[in-house]
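Numbers restart at 1 for each chain; the letters A, B, ... are given by sequence-line order, proteins then strands.
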Amino acid sequence: MENKNSVNSRKLVSVKGKALKDLFTDPDVIAAKVDGRIVDLSTSLNGGKEVEPVSMHSKEGLEILRHSTAHVMAEAVKALFPDARPTIGPATDEGFYYDFDRDTPFSSEDLASIEKKMQDIIASDKPFIRKEIPKEDAVRYFTDQHEPYKVEILNDIEDDTVSLYTQGDFTDLCRGPHIPSTGYIKAFKLLSVAGAYWRGDEHNKMLQRIYGTAFASKEELDKYLEFLEESKKRDHRKLGRELELFMMSDEVGPGLIIYLPKGGMLRSILEDFEKRLHLKRGYDIVYGPGILKGELWKISGHMDNYRENMYFTEVDNQLYGIKPMNCLSHILIYRSKIRSYRDLPLRYFELGTVTRHEKSGVLHGLLRVRQFTQDDAHIFCMPDQLIDEIISIINLVDEVMALFGFDYETEISTRPEKSIGTDEEWELATNALKQALEVKGLEYDINEGDGAFYGPKIDIKLKDAIGRKWQCATIQCDFSLPQRFDLSYIGPDGQKHRPVMLHRVILGTIERFMGVLIEHYAGAFPTWLAPVQVVVMSITEAHSGYAGDIAQRLEEDDIRVELDTRNEKIGYKVREARAMKVPYMAIVGQREMDENTITLRDRSGKQEKTTVDDLISRIKSSVPEI
RNA sequence: GCCAGCGUAGCUCAGUGGCAGAGCAGCUGAUUCGUAAUCAGCAGGUCAAGGGUUCAAGUCCCUUCGCUGGCUCCA
């Protein structure tokens with residue numbers, strides 16, 4: 001968000017012995033940076049410092065505003081529900097939440113009354129007062145107040161002094177900073193209630209969380225609420241049904257997708273695209289079986305590290321694991337003959353369908369399912385080829401994301417608790433990933449402990465048309481599995497050496513990527529992806545034959561066409577084709593029949609008279625070069 | 001898996017313990033029409049499933065299943 005303060009926003013000042021609030025007259029300034037540290041406006045300066053105002057329109061200011069709104073919400077909740085024990089209430093990327101321990105959960109009616117109470121608190125414009133006290137005093141205070149969660153938090157704080165913030169009747173343990181007074185809150189809304197574990201640990205008690213958001217102005221809040229509405233309209237589950245792409249059924253089971261003809265077409269287009277893409281880049285297409293013997297999963301470490309996500313089946317007294325990943329077959333393909341350093345790198349690509357037992361509560365449309373198809377590949381290479389291979393995968397991701405119109409961010413996930421391999425291997429692997437990103441000049445965040453059990457990974461979060469982030473592509477570096485399966489290649493020295501293995505997906509999974517594409521394009525796929533590219537529609541029965549001829553010519557040129565010669569008015573047919581978000585309509589009546597033309601209407605409603613050949617070449621040229 | 005809410009026709013949704021409803025979609029017929037809905041008729045239901053309370057349950061209670069929003073987990 002832009003810092004839109006005009007008068008004194010960027011100015012650095014130097015003062016002595018003055019409260020910061022006297023320096024800034026702009027009512028949007030809610031805090032200040034003193035020598036780079038953000039503090040309350042009520043702070044008094046002693047000595048010359050560099051001071052910069054923080055506006056509630058800035059990212060940092062907005063965070064403070066939201067955090068303060070969370071405190072106001074906690075005050076309201078305590079006033080209305082004295083039995084609710086406050087725990088923590090931070091700002092988030094999109095708003096804030098506060099978690100309470102309470103026997104009876106909040107209802108949506110409760111939200112309305114909490115909101116009303118908050119309005120009162122804001123109207124009374126109570127100041128936020130900061131107090132620094134010794135930790136023992138704070139422990140005593142919160143013990144007296146019967147707030148065990150605050151005491152627990154205090155016990156984890158190492159400092160001797162802690163800060164408390166009080167506004168009105170509510171005092172919270174808090175590092176701050178906060179807005180000067182509650183009246184600074186101009187636009188907020190409570191959004192939902194949810195359960196959340198204390199300290200995010202599923203073994204702990206479940207608390208009651210209230211989500212809300214706040215903005216510097218009513219307009220910005222309204223814009224955000226519109227964004228939420230827009231997201232709902234783009235929901236792939238809704239569009240998936242309306243556009244007849246896929247279905248799910250209680251009779252089949254949760255998290256299992258059935259592709260309807262139009263979704264089947266979309267999937268097949270994506271899969272053809274992927275095959276061409278990979279063949280052109282030195283990958284070999286392979287296929288592995290859906291079930292593999294239990295013994296293999298023991299060797300790989302899946303039995304010890306991934307068991308709760310796997311399905312098993314027993315045939316003829318032999319245990320089989322239904323594959324949750326495609327790597328094992330690819331490893332066996334590598335091991336199927338002696339490899340020379342001259343053969344490397346070897347890149348095996350598989351549109352591999354895997355099955356994972358995901359917890360029932362996490363399933364979500366196409367985005368989180370129990371059986372899905374990955375555009376998976378495993379690259380076996382020499383250690384000194386590793387960086388180049390990672391770089392060329394990043395280049396591929398870059399190219400593909402640009403093609404679909406996605407921007408993206410990258411992060412590196414490091415060693416999780418449950419994992420295999422030595423620390424040295426993990427460090428080597430993690431450094432290789434970092435180095436590749438640095439060579440590419442890409443910035444990345446570190447996601448501690450979030451790697452796969454066999455190696456660290458680069459996660460790519462793509463950003464869709466309305467700014468939401470989705471995890472699809474991932475690149476994982478693995479020294480462990482080659483060792484566990486005793487993979488080797490013969491080097492120039494005639495000796496056996498251990499290859500390194502990269503696991504990677506580009507789209508991630510066909511299911512999730514389709515879900516993201518549906519929301520990204522709001523169902524209006526670009527022509528090359530559209531399951532139906534043209535609907536040929538006749539004005540009356542007299543033009544059915546001509547319409548049929550047009551449709552047939554398109555079909556002969558591999559155009560995905562539907563023919564609509566129903567006994568309906570043209571307005572009705574146009575309406576339906578628009579609802580199905582078909583890129584082109586070819587409308588034919590007496591005029592077109594006489595001239596051997598079509599009237600071509602595109603999705604924007606633009607119309608022109610043209611020929612079938614022109615339409616065919618337009619559609620053909622929409623297919624991207626890869 | 002956990003917390004909360006929800007589950008009525010293919011879809012969207014009314015139905016406040018007393019006869020199971022509407023619009024759209026579907027089917028049949030009429031209409032032959034130039035760019036977001038032509039008219040009429042017909043058909044469509046184990047009210048998620050099972051149990052209970054009641055003279056009477058879509059409605060109240062319990063259990064199970066599923067979905068939605070979160071939490072934890074994840075492509």
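- Between the C1' atoms of B:G58 and B:C13, the separation comes to 14 Å (whole Å).
- Searching all strands for a Watson-Crick or G-U wobble partner of B:C65 with both distances below 3.5 Å returns B:G7.
- A:V354 comes within 4.0 angstrom of nothing in the nucleic acid, heavy atoms only.
- For A:K359, the side chain to side chain donor-acceptor pair (under 3.5 Å) partners two or more places apart in sequence, or in a different chain, are A:E202.
- Nucleotides B:A14 and B:A22 place their P atoms 16 Å apart, quoted to the nearest Å.
- Rounded to whole Å, the distance from CG on A:D103 to P on B:A4 is 11 Å.
- Following rounding to the nearest Å, A:R368 (CZ) and B:U72 (P) show an atom-to-atom distance of 12 Å.
- Among the heavy atoms of the strands lying under 4.0 Å from A:Q607 is at least one base atom, whether or not backbone atoms are also near.
- The side chain to side chain contact (heavy atoms under 4.5 Å, CB included) check on A:H364 picks up A:H236, A:R237, A:L367, A:R368, with sequence neighbours excluded.
- Here A:D99 pairs with A:R209 under the salt bridge (charged side-chain N to carboxylate O under 4.0 Å, His left out) rule; sequence neighbours left out.
- Using cut-offs of 30° and 60° on the angle between ring planes, the pair A:Y454 and A:H503 is parallel.
- Atom CE in A:M310 sits about 15 Å away from atom P in B:A75, given to the nearest Å.
- When the C1' atom is compared between B:C39 and B:U32, the two are found 14 Å apart, to the nearest whole Å.
- In this view, A:E109 satisfies the salt bridge (charged side-chain N to carboxylate O under 4.0 Å, His left out) rule with no residue, not counting sequence neighbours.
- Of the N and O atoms on the side chains of A:E448 and A:T414, at least one donor lies less than 3.5 Å from an acceptor on the other residue.
- Under the 3.5 Å distance criterion, the side-chain polar atoms of A:D445 are left unmatched by any main-chain donor or acceptor of A:N447.
- Across the protein-nucleic acid pair, A:L243 atom CG and B:A25 atom P stand 17 Å apart, rounded to whole Å.
- Side-chain contact of A:E399 with A:N395: a donor-acceptor pair under 3.5 Å is absent, judged by distance alone.
- Near RNA chain B, meaning a heavy atom under 4.0 Å away, the residues from residues 538-551 of chain A are A:I539, A:T540, A:E541.
- Scanning for salt bridge (charged side-chain N to carboxylate O under 4.0 Å, His left out) contacts around A:D614 gives A:R618, with sequence neighbours left out.
- Atom NZ in A:K573 sits about 10 Å away from atom C1' in B:U32, given to the nearest Å.
- B:U16 and B:U12 have their C1' atoms separated by 22 Å, with the value rounded to a whole Å.
- Residues from residues 448-458 of chain A placing a heavy atom under 4.0 Å of any atom in RNA chain B, listed by number, are A:D450, A:K457.
- Using Watson-Crick or G-U wobble geometry with both donor-acceptor distances under 3.5 Å, B:A30 finds its partner in B:U38.
- Using a 30° and 60° split on the angle between ring planes, A:Y224 and A:F215 fall in the tilted class, from 30° to 60°.
- One C1' atom belongs to B:G1, the other to B:U72, and the distance between them is 9 Å to the nearest Å.
- Pair assignment for B:C55 gives B:G18, based on Watson-Crick or G-U wobble hydrogen-bonding distances that are each under 3.5 Å.
- Taking atom P on both B:G45 and B:A20, the two are 14 Å apart, rounded to the nearest angstrom.
- Under the Watson-Crick and G-U wobble criteria, each requiring two contacts below 3.5 Å, nucleotide B:A25 is left unpaired.
- Regarding A:E358, its CD atom lies at a distance of 17 Å from the P atom of B:C2, rounded to whole Å.
- Comparing B:C2 with B:C73, their C1' atoms sit 12 Å apart, to the nearest whole Å.
- With the nearest nucleotide of RNA chain B identified for both A:T474 and A:K359, A:K359 has the one nearer the 5' end.
- Cation-pi check for A:R307 over A:F312 is met; the charged atom lies under 6.0 angstrom from the ring centroid and within 45 degrees of its normal.
- In this structure, A:F106 atom CZ and B:G5 atom C1' are separated by 16 Å, rounded to whole Å.
- Heavy-atom distances under 4.0 Å link RNA chain B to A:R578, A:I587, A:G589, A:Q590, A:R591, A:E592, A:T599 of residues 578-600 of chain A, given in residue order.
- We find that the ring of A:F372 and the base of B:A75 stack, their centres lying under 5.5 angstrom apart and their planes tilted less than 30°.
- Under the side chain to side chain donor-acceptor pair (under 3.5 Å) criterion, A:T355 pairs with A:Q371, sequence neighbours left out.
- Among the heavy atoms of the strands lying under 4.0 Å from A:E568 is at least one base atom, whether or not backbone atoms are also near.
- Donor-acceptor pairing under 3.5 Å is lacking for the side chains of A:H357 and A:E308.
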- Going 5' to 3' through nucleotides 62-71 of chain B and flagging B where a protein heavy-atom sits under 4.0 Å of the base, S where only the sugar-phosphate is that close, and - otherwise, we get ----SSSBBB

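- Rounding to the nearest 0.5 angstrom, the gap separating the OG1 atom in A:T373 from the CZ atom in A:R267 is 4.0 Å.
- Counting non-hydrogen atoms under 4.0 angstrom, A:Q471 reaches the backbone sugars and phosphates but no base.
- Residues passing the salt bridge (charged side-chain N to carboxylate O under 4.0 Å, His left out) test with A:K463, sequence neighbours excluded: A:E409.
- The separation between A:Y572 atom OH and B:C33 atom C1' is 15 Å, rounded to whole Å.
- For A:D83, the side chain to side chain donor-acceptor pair (under 3.5 Å) partners two or more places apart in sequence, or in a different chain, are A:R102.
- On the C1' atoms, B:G21 is 27 Å away from B:C61, given to the nearest whole Å.
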